[in-house]
Amino acid sequence: MSSNPVAATVASLMPRAKEELTELVAFKSVADFGQFPREESEGAARWIAGALTAEGFEDVALLDTPDGTQSVYGHLPGPEGAKTVLLYAHYDVQPPLDESGWTTPPFELTERDGRWYGRGTADCKGGFIMHLLALRALKANGGVPVHVKVIVEGSEEQGTGGLERYAEEHPDLLTADTVVIGDAGNFRAGLPTVTSTLRGMTLVRVRIDTLEGNLHSGQFGGAAPDALAALVRVLDSLRAEDGTTTVDGLAGDSAWDGLQYDDGQFREDARVLDGVELIGAGTVADRIWARPAVTVLGIDCPPVVGATPSVQASARALISLRVPPGVDAAEATALLRAHLESHTPWGARVSTEQIGQGQAFRADTTGPAYRAMADAMSVAYPGQEMSRAGQGGSIPLCNTLASLYPTAEILLIGLSEPEARIHAVNESVSPDELERLSVAEALFLRNLASGAH
């Protein structure tokens, strides 16, 4: 790949990229300010704004979005009459979970076994570095041939919709001919992939109350209604015997017609324990890209250590429902809430609250931008053709952009291949993937500008 001048430039920039990603990973930029200081997120936003300014971007701004977080915007002018491309990433990250499960500290980038470990290395601080590398490589080899807008979100992982609402209120800000979302990933490391569909999502909190206060289980257990037991029954009603998601009124039989996911490979990627079965029916691709999936994210109940012999008066859970393309997220939310309420036993008091929501997304893959990306990826990954896959996760901004700019082509690429273990302990990024995808993005921008595809 080094015979290509763009690729050679990116290769020479990789040490700098590692230093910058190290600095960015060090910010504990979790957009849950009840857990992590707001200053950490604001520091990351300022770092990104400084990086854009140093690259010659104009109108660099920290945008105060309606959910109380900041997104970072900048505009790099290109030649007169050139197309405009919007590059997206997000700097907020998932919490590190159990820090004792990390081999190295989650907010210290550490190189190990050929990968760079740390929270946000792949999802999605590395995505911002990818954009920088691509632009720097073009500058060093004839210039950036398009107008570039960059938007780096501050609350994507929270699903609170700050940037979506801001974009709706300022529709001219992010207008572009093409959008590159740097928050997806190759189906497998070394296999260039665009993500053409995303499941939507909804987050619902459910609370069940049965008593005025906890009771002694010996004195009252057996007749007093246990709120935690009631909650367990409600949560169990969300799955069939084989683990298929069962929300009353929500269809779950769609099929995926693109790249397929081998069962054995999925077991390895997901690190399923020996002897434990996969859940659901249909192909793996059907289950994770084309059908709804419910997950219990958390339960408020006494921990085992320190538990007392009590009948619980109240219990809560946070439930995520991934919504497949073709299903309206608001309708799915209503069905989920109705299901939770109708399946609550013993006349227990139940309340539900919507916490977050995002629509599913399906891209039109027939346009010139996709051809330009296919050509670019074939150069960045010699001997490999671009594949098309789905993603079970959600990026709510995609539908907002598709609605605001219906003629824009939207492509999803990124660093979150299976080995990256995003959202889990020991998240990492492959520097080879960062290098190759940066080359691909640079060549894509050049192809798009020239029409040579």
Trainee: Do any N or O atoms from the side chain of Y405 and from the backbone of T178 form a donor-acceptor pair under 3.5 angstrom?
Mentor: no
Trainee: If you define the side chain from C-beta out and look only at heavy atoms, does anything of T197 sit under 4.5 Å from W256?
Mentor: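 They are in contact (side-chain heavy atoms under 4.5 Å apart), so the answer is yes.
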Trainee: Any luck finding a side-chain donor-acceptor pair between E433 and N186 under 3.5 Å?
Mentor: yes
Trainee: Consider only side-chain N and O atoms of S310 and N214, and report whether a donor and an acceptor are under 3.5 Å apart.
Mentor: no
Trainee: Could you tell me if D98 and S100 have a donor-acceptor pair between their side chains, going purely by distance under 3.5 Å?
Mentor: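 On atom types as modelled, these side chains qualify, holding a pair under 3.5 Å.
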Trainee: I'd like to know if the side chain of D92 pairs up with that of S29 as donor and acceptor (distance under 3.5 Å, no hydrogens or angles considered).
Mentor: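 Note: D92 and S29 side chains miss the donor-acceptor criterion.
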Trainee: Count the heavy atoms of every other residue, nucleotide or ligand shown that sit under 6.0 Å from CD of E169, and state whether that count exceeds 12.
Mentor: yes
Trainee: Looking only at atom types and distance, does a side-chain atom of T121 sit under 3.5 Å from a main-chain N or O of Y117, one as donor and one as acceptor?
Mentor: no
Trainee: In terms of the angle between their ring planes, are H170 and Y166 parallel, tilted or perpendicular, with boundaries placed at 30° and 60°?
Mentor: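 Ring orientation, 0 to 90° scale: parallel.
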Trainee: Are more than 12 heavy atoms from other residues, nucleotides or ligands located less than 6.0 Å from atom CZ of R349?
Mentor: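 No, CZ of R349 has 12 or fewer neighbouring heavy atoms, counting only those of other groups under 6.0 Å.
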Trainee: Taking atom types as modelled, is there a side-chain donor on T352 or E341 under 3.5 Å from an acceptor on the other?
Mentor: yes
Trainee: For R233, does the CZ atom sit with more than 12 other heavy atoms under 6.0 Å from it, leaving out its own atoms?
Mentor: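 No.
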Trainee: Are the charged groups of E268 and R188 less than 4.0 angstrom apart, N to O?
Mentor: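 No.
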Trainee: Applying side-chain contact (heavy atoms from CB on, under 4.5 Å) between Y73 and each of I48, L163, V152, L63, report the one that passes.
Mentor: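 Result: among I48, L163, V152, L63, L63 is the only option passing the side-chain contact (heavy atoms from CB on, under 4.5 Å) with Y73.
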